[in-house]
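Below you'll find the structure, written out as structure tokens, and then a few comments.
All heavy atoms count here, side chains included; hydrogens, waters and symmetry mates do not.
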Amino acid sequence: MQGALTRYRIIAWIVGVVLIVLVVIGMPLKYLGDDDTVVAAVGPFHGFLYMLYLVATFDLSRRAGWPLGRMLLVMLAGTVPFFSFWAERVVTHKWAVEVPDAPPAMAE
């Protein structure tokens, strides 16, 4: 299960950063600067990465035995800027509490 958590943490951060680039840089350039280059390049990339995020979240949730509601909330966290970082933190801390033999690096 450690591998599933690590995969989830990595993709959550990547999706979060790409979404912030899309929203903070791409959207203003598109709507204020009439230049959709960033949105055209980063948008599909974020969509692909979000699909990986969903798969990683599903994998982790099944291995950890999460209820459906928690899994869906964590999945939705990848759609709102900065929420994937928050969700990753919450998931990591809950996992450290729920799995007492977690390695020290994961039990921050």
Hey, mind stepping through V55 and L52 against side chain to side chain contact (heavy atoms under 4.5 Å, CB included) and telling me if it holds?
-> CA-CA 5 Å; V55 169; L52 294 178; 5.6 Å; no
Hey, any chance V90 and L72 share a hydrophobic cluster, counting ILVMFWY side chains that come within less than 4.5 Å of each other, even indirectly?
-> no
Pairwise side-chain contact, R63 with Q2, heavy-atom cut-off 4.5 Å (strictly under) | no
Is the number of heavy atoms from other residues, nucleotides or ligands under 6.0 Å of F85 CZ greater than 12?
-> yes
Where H46 and G78 come nearest, the two heavy atoms and their spacing = CE1-O, 4.0 Å
Measure the acute angle between the ring planes of Y50 and Y53, then classify it against the limits of 30° and 60° as parallel, tilted or perpendicular.
-> parallel
Mind checking whether I11 and V80 sit in one hydrophobic cluster, side chains of I, L, V, M, F, W, Y counted as touching below 4.5 Å?
-> no
Distance in Å, T37 OG1 paired with I25 CD1, rounded so as to fall on 0.5 Å steps = 13.0 Å
Keeping the roles fixed (side chain from S84, backbone from A77), state whether a donor-acceptor pair exists under 3.5 Å.
-> no
Taking every non-hydrogen atom, the tightest pair across F58 and M71 = CD1-SD, 3.6 Å
Distance, nearest 0.5 Å, that separates CZ of R70 from NZ of K94 | 5.0 Å
Begin with the C-alpha distance, continue with both residues' side-chain angles, and end with the deciding distance and a verdict on side chain to side chain contact (heavy atoms under 4.5 Å, CB included) for L22 and V18.
-> CA-CA 6 Å; L22 185 62; V18 172; 5.5 Å; no
Quick one: do L54 and L73 end up in the same hydrophobic cluster if we chain Ile, Leu, Val, Met, Phe, Trp and Tyr together by side-chain heavy atoms under 4.5 Å apart?
-> no
Out of curiosity, I14 CD1 to R9 CZ, how far, rounded to the nearest 0.5 Å?
-> 13.0 Å
Is V39 reachable from F48 through a run of I, L, V, M, F, W or Y residues, each pair having side-chain heavy atoms under 4.5 Å apart?
-> yes
Side chain to side chain contact (heavy atoms under 4.5 Å, CB included) between W66 and V74, intermediate numbers included | CA-CA 11 Å; W66 292 352; V74 174; 4.0 Å; yes
same_hphob_cluster(F83, L19) at 4.5 Å side-chain heavy-atom cutoff | no
Evaluation steps, side chain to side chain contact (heavy atoms under 4.5 Å, CB included), between R7 and D59 | CA-CA 10 Å; R7 285 188 298 274; D59 179 43; 3.1 Å; yes
